[in-house]
Colleague: 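Dropping the structure in here first, questions after.
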Amino acid sequence: MPGPDGTMQVAPAVPAALYVHFPFCARRCHYCDFAVSRSERPPVEEWLAVVEVELGWWFAAGGWEPGSSLDTVYVGGGTPSLLGADGMRGLRDVLAGKLDLSSVREWNAEANPVSFSAALAEAWAESGVNRVSLGVQSFDDRVLSWLGRSHTAARAAEAVREARRGGIRRFNLDIMFGLPDTVGRDLPAELERVAALQPPHLSLYGLSVEPGTLLARRIARGVQPGPDPEKYADEFVRIAEYLTTAGYEHYEVSNFCLPGEESLHNQSYWNRSACLGLGPSSHGFHPPSRCWNLRNWPAWRDSVMGGHGPLEGHEVVGAEDSRLEKVWLGLRTRNGVDSGILEASHQETLSRFESAGWIRRSEGRVRPTARGWLRLDSIVAELNSAGSPPAAPSGSRET
Ligand code: SF4
C-alpha cells in the first residue's frame with residue numbers, strides 16, 4: 001500500500017519486528033559516529049511523545065489495524081539505559097496503545113554499564129524487557145580509556161551481575177577487537193574474564209575509524225596509530241577459536257552464543273523479514289522497500305511533530321538486488337545459502353573459495369568458515385557480476 005507521500009511502499013500489516021532508537025548519550029566515545037545527541041539528562045518525555053506520533057503516522061500510512069502482535073522489540077541507541085525505569089515503562093505504554101505486546105518473545109534493550117543497575121534491570125523486566133545488551137567493549141581499563149568509554153572494567157563486570165540479580169537472565173556483551181598494539185591490550189586475559197562471566201551471547205566488533213570522529217582526527221594528526229588489518233584478522237580468528245572451544249556457537253559473522261541463546265530480533269534482519277523502525281536514524285524494511293528515518297534528533301522530532309512523517313529516504317530493492325542481499329545476508333550466518341540461488345557460472349569460483357578454506361559445501365548449501373567471514377565482502381563481490389556487495393541493512397548494532 002502506498003504511504004502518504006505516494007511512493008513509499010508500507011508493509012500491508014504491522015511487521016513482527018520493531019526497532020526503536022533512543023538517540024542520547026551522556027558523552028561521545030572517541031570512535032563513535034552514530035546518530036547521538038550528548039545529554040546527561042535526555043528529554044525522555046519529549047522523545048516518548050514523538051515516538052507515539054511516529055507510531056500513529058505508520059498506522060495511518062499502512063492502514064494497519066490496532067492490536068496487531070509483535071514478536072520482537074529492540075531498543076537501541078544511543079544509551080537506552082538513560083531512559084531509566086520510567087522511560088521504559090512509558091515506551092511500553094506508548095507501544096501498548098496500538099500493539100499487542102503479549103506475544104513478544106524477545107524485548108532487548110541496550111545499556112551502558114554506567115547507567116545500569118540491578119534496580120533498573122528489575123524495573124525493565126517488569127515493563128517487559130527480557131534481554132539486555134551491555135556495551136562493555138573491553139575488560140581492560142587501558143582499552144576503555146583509549147576508546148573514551150565512561151566505565152571501568154570492574155563496573156562492566158558488576159553490570160553483568162546486576163542484570164542477573166535484577167532477573168534478566170538473557171544478555172549480550174559487545175566486545176571490540178582490532179585495536180593498535182600500542183594500547184597494550186592483554187587479549188588472552190580478557191577472554192578469560194569474559195568466559196568467567198558466562199554471558200549467554202557475545203557480539204564482536206572490529207574497530208573501524210570513521211571520518212569525523214575524535215579517533216580519526218587523532219590518527220590523522222599522528223597522535224595515535226590506526227588499526228592494523230593483519231592484527232584485525234589474527235584477533236578475529238583467535239577470539240572465534242577461543243569462544244568455540246569454550247562452548248559458544250559462532251552462528252553469525254559477528255555473533256556467538258551458548259546453545260539456544262541466539263538473538264531472535266536480529267534473525268529478522270538476516271532473514272529479510274519485515275521490520276518497523278521508530279526514532280531518529282532507524283531503518284525499516286517493508287518488502288520490497290527499505291526506508292530510513294531522519295538522522296538527527298531535532299530534525300526527526302520537528303518533521304514528525306510537524307505532520308511530515310519521520311522519513312529521510314527510501315528505496316525499492318529490485319529482484320537482482322534482493323538475490324544479492326539473500327546471498328550476502330545468508331553468508332553472514334552459519335546456515336549459509338542454498339546453492340540454488342547461486343548461478344551455475346559461480347561453481348568454479350566456489351571451488352576456489354573451498355580450496356582456500358573460506359567456504360564449505362554440503363547438503364545443497366554453501367556455508368562460510370571463520371576465515372571466509374573475514375573476506376565476506378570480497379567473496380560476495382566476486383559472486384556479484386556487478387562487483388560490489390549490497391549495502392548492509394541496519395537498525396541494530398548487533399548486525
Ligand atoms: S555509548 Fe555507544 S552510541 Fe553512545 S557515544 Fe559511545 S559508542 Fe556511541
Side-chain angles (χ1 to χ4, degrees), residues 19-44 47 74-84 87-88 108-117 120 124 131-153 155-160 162-163 171-179 183 201-219 224 227 254-255 263 266 277-283 292-298 300 392 394-399:
Y19 175 82
V20 189
H21 189 78
F22 182 73
F24 301 99
C25 289
R27 57 189 258 190
R28 188 175 276 278
C29 304
H30 296 172
Y31 56 90
C32 178
D33 76 334
F34 295 132
V36 294
S37 297
R38 276 179 57 176
S39 175
E40 293 202 12
R41 285 200 211 129
V44 172
W47 175 80
Y74 193 106
V75 186
T79 304
S81 40
L82 292 176
L83 276 168
M88 193 61 81
N108 185 94
E110 292 178 352
N112 185 313
V114 167
S115 44
F116 193 72
S117 66
L120 184 66
W124 276 9
R131 186 176 187 268
V132 169
S133 186
L134 287 164
V136 165
Q137 314 307 342
S138 168
F139 285 98
D140 182 326
D141 285 341
R142 286 167 300 186
V143 175
L144 293 168
S145 164
W146 190 87
L147 292 171
R149 299 290 299 178
S150 53
H151 57 87
T152 61
R155 178 71 207 112
E158 186 56 22
V160 168
E162 288 168 347
F171 60 89
N172 167 67
L173 302 184
D174 287 348
I175 300 290
M176 194 171 278
F177 70 98
L179 280 64
V183 182
H201 194 281
L202 289 153
S203 294
L204 282 190
Y205 296 95
L207 175 68
S208 69
V209 181
E210 303 299 335
T213 59
L214 180 64
L215 180 61
R217 291 196 294 277
R218 286 182 173 171
I219 291 171
Q224 284 178 351
S254 302
N255 289 289
S263 160
N266 286 341
L278 299 177
S281 82
S282 66
H283 287 51
W292 50 96
N293 281 2
L294 288 154
R295 180 176 160 85
N296 294 318
W297 149 246
W300 168 78
S394 61
S396 149
R397 294 206 303 283
E398 276 186 281
T399 53

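In this chain, numbering begins with 1 at the start of the sequence shown. Both counts, for ligands and for their atoms, begin at 1 and track the order of listing.
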Colleague: Which of the atoms of ligand 1 are close to Val36, meaning less than 4.0 Å from one of its heavy atoms?
Modeller: 3 (S)
Colleague: Could you list the atoms of ligand 1 found under 4.0 angstrom from a heavy atom of Arg149?
Modeller: 1 (S), 6 (Fe), 7 (S)
Colleague: Which of the atoms of ligand 1 are close to Tyr31, meaning less than 4.0 Å from one of its heavy atoms?
Modeller: 7 (S)
Colleague: Classify the contact between Arg27 and ligand 1 as side chain, backbone, both or neither, using a heavy-atom distance cut-off of under 4.0 Å.
Modeller: backbone
Colleague: Is Cys29 close enough to atom 8 (Fe) of ligand 1 to have an N, O or S atom under 2.8 Å?
Modeller: no
Colleague: Hey, could you give me the CG/CD distance between Leu82 and Glu40, rounded to the nearest 0.5 Å?
Modeller: 8.5 Å
Colleague: When you measure from the side chain of His30 to the backbone of Trp146, do you find a donor-acceptor pair of N or O atoms at a distance under 3.5 Å?
Modeller: yes
Colleague: Please could you name the atoms of ligand 1 that Phe34 approaches to less than 4.0 Å, counting only its heavy atoms?
Modeller: 3 (S), 8 (Fe)
Colleague: With no hydrogens and no angle check, do the side chains of Asn112 and Ser81 hold a donor and an acceptor under 3.5 Å apart?
Modeller: no
Colleague: Scan side-chain atoms only and decide if Asn172 and Ser203 contain a donor-acceptor pair under the 3.5 Å cut-off.
Modeller: yes
Colleague: Which ligand 1 atoms does Gly78 reach within 4.0 Å, using its non-hydrogen atoms?
Modeller: 3 (S)
Colleague: Can you tell me how the ring of Tyr74 sits relative to the ring of Tyr19, calling it parallel under 30°, perpendicular over 60° and tilted otherwise?
Modeller: parallel
Colleague: Closer than 4.0 Å to some heavy atom of Cys25 - which atoms of ligand 1 meet that?
Modeller: 1 (S), 3 (S), 4 (Fe), 5 (S)
Colleague: Specify the closest pair of heavy atoms between Val114 and Ser150, including all atoms of both residues, with the distance to one decimal.
Modeller: CG2-O, 3.3 Å
